[in-house]
> 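Structure below; questions to follow.
Note that the structure is predicted; figures quoted are calculated from it, not measured. Proteins get letters first, then strands, A, B, ... in listed order; numbering begins at 1 in each.
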Protein chains: 2
Amino acid sequence: MPQNAPSAANRAGFPHEWTSVYANARHNAAFPVSHDAPAWLRQGVGWNYAEARAWPLSDKLPFGDKVYGEREALPVQTQFMGNALGVTAVDGVIYAESDDMFAYALNARTGQLIWRASPLQNNLMGDPVVAGNSVYLSAGSVSFNFAHVIKYAKTGKTSRGEDESFNGVVSLNKNTGKFQWLFLTQGEAMPTPAYAYGALFVSTGAGNVFAIDASNGRKIWETHVGGIANMSDPVVYKGRVYLSMSVVPYVYCLDAKTGKVLWKQTIKGAVNTGMGDVAPVVDNGIVVQDTVADKRVHDGHKTVDTIIEAMSAKTGKILWKANMGRGPLPPRLQGRHADDP
Amino acid sequence: MPQNAPSAANRAGFPHEWTSVYANARHNAAFPVSHDAPAWLRQGVGWNYAEARAWPLSDKLPFGDKVYGEREALPVQTQFMGNALGVTAVDGVIYAESDDMFAYALNARTGQLIWRASPLQNNLMGDPVVAGNSVYLSAGSVSFNFAHVIKYAKTGKTSRGEDESFNGVVSLNKNTGKFQWLFLTQGEAMPTPAYAYGALFVSTGAGNVFAIDASNGRKIWETHVGGIANMSDPVVYKGRVYLSMSVVPYVYCLDAKTGKVLWKQTIKGAVNTGMGDVAPVVDNGIVVQDTVADKRVHDGHKTVDTIIEAMSAKTGKILWKANMGRGPLPPRLQGRHADDP
């Protein structure tokens, strides 16, 4: 067994797999803790683990108020700062992906390192997917390169992450972190893949959706839907794959077996990246998607509506829609701690 | 003293500072080893140190033959693979910058870690500059973001690295690696700064050249010359700063005191990035610059001339020019070890 792996007693009470971002198509990562779970899990436990590029909280951050450049682009800078999403809890182990390009497996009780791996020179911004003996990671950055800048100027089209570094989905042994296979993609593969039917489903910055054989990394099908995948992670529900894309914003429903697009739907007024950054939730035959929409200047401040919309999982027909209110553009980390006023 | 620092005896025989990429304006990093240098330095010594993202040589690389995307953009991928340049040797310590975003100080005799630091979430691609009690690093990546892609489409202009992450020059204590100051720049600061007259001179992906007070990180002057700085590091010679830029390719000579451009010169037929990737060499009143030039397809293969040109350091006047021959485009790492056929 690798160092610091949990004992059998400390593996009890946990999920045995983690097949999607936030664990399931409902995106509710909470799991019930049974009465035979160890006391530390029932009562809770606290520890810290410093990632490779951790900046000591006691140190003065060198970044002041001022961040250069266009306001629109500031969020990019926040994406190199740690764990973009939550962690994965399986059989007494916490798996985490970090923007520092490492994936970590930690003992859930002690916080001690079991393994760490950096199989690709790229950001890992998802939630590790665990199924069988494998952990699956997706890699991609938010960047463009000069060739694509020129291409966009000429054609109005570009793909994010292409030729920036190696993008794709990687499989590691969940106990040792050892490399098993890599599925390279043209654009960045930033969303967390969804695991179902022995396959992984992922969308990319080149506007493609892939089904990949989870056992060997071979492609099952590929569908070009267009747009750019941001952080909207595909979910699988009753034989179908649901996902959202940015630029232009759409929710897509694909047949999980064939990759055929069964329907697509949008939310009126959604800003370009509003849907591509939020994973749809599916349950009870309903797809729920939210977005920021209808950007407008109000009293000198940029404001947006916050829209939530439910669609029929079968047809994409809009079932209901709610506006949770107009408010300022979401706050951004501008070179400081997010909680620093 | 920090851990693993060299003893006084093991500091002997080394340079006491390192003020430029490859040590000096001649770019000859070899230094004479005196007879009182320790035996291990006179005879040579061998060790390995694994950087944060080192991939064990015994492991199978997951990357196959195929790399996606446009040929022109492939070099980008090679830039996340370790040490872009050589190392710095000062007083028994080896200083190194890595694309893994860490800077390292290692005991030159033993290879043991004295300190490592990752003060910016960005690639460090230069040669650490050491002067006085400080080590100076420059940070910048080769990437563009979506806002700049759109800007380029509209205006034909862009700056590299802007809003991708924090770019700039950072000062650390050379003995401890502790942060001292940060000078933020708009575009990437990938070239190694040159140290002279108590100042650091650096060029950026936004087409700017800066003189920075090395003691406190304050700006002395700023000159916008245009273009994009790649890996062409400024050199200082007799009160002047020499540097090359890409897109459009030019050698510039600036007054070190005022930042005034005294002359600029180009090499006929130089490809856009040909000069911006090679630091000029200055000695004996002559600036020597090379470039690949005149890209042409020959028998179905892309070929280039390899031009070397000497200019008067005083006036920029071309003194002589040689074509070292036409050959294939330089080989690129395409998802494999560079030496893998």
> For N48(A), is the CG atom crowded, meaning more than 12 foreign heavy atoms sit under 6.0 Å from it?
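Not more than 12 within 6.0 Å, no.
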> With sequence neighbours left out, what residues match A103(B) under side chain to side chain contact (heavy atoms under 4.5 Å, CB included)?
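Side chain to side chain contact (heavy atoms under 4.5 Å, CB included) check on A103(B) returns W115(B), L124(B), L137(B).
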> Kindly compute the distance separating CD1 (I150(A)) from CG (N272(B)), expressed to the nearest 0.5 Å.
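Going from the CD1 atom of I150(A) to the CG atom of N272(B) covers 7.5 Å.
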> Name the region of R160(B), side chain, backbone, both or neither, that has any atom closer than 4.5 Å to a heavy atom of chain A.
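R160(B) has no heavy atom closer than 4.5 Å to chain A.
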> Could you measure the distance from the NZ atom of K154(B) to the OH atom of Y152(A)? Nearest 0.5 Å is fine.
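Going from NZ on K154(B) over to OH on Y152(A), the span is 8.5 Å.
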> Who pairs with F183(B) by ring-ring contact (aromatic ring centres under 6.0 Å, His included), at least two apart in sequence or on another chain?
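Per chain and number, F183(B) pairs via ring-ring contact (aromatic ring centres under 6.0 Å, His included) with F210(B).
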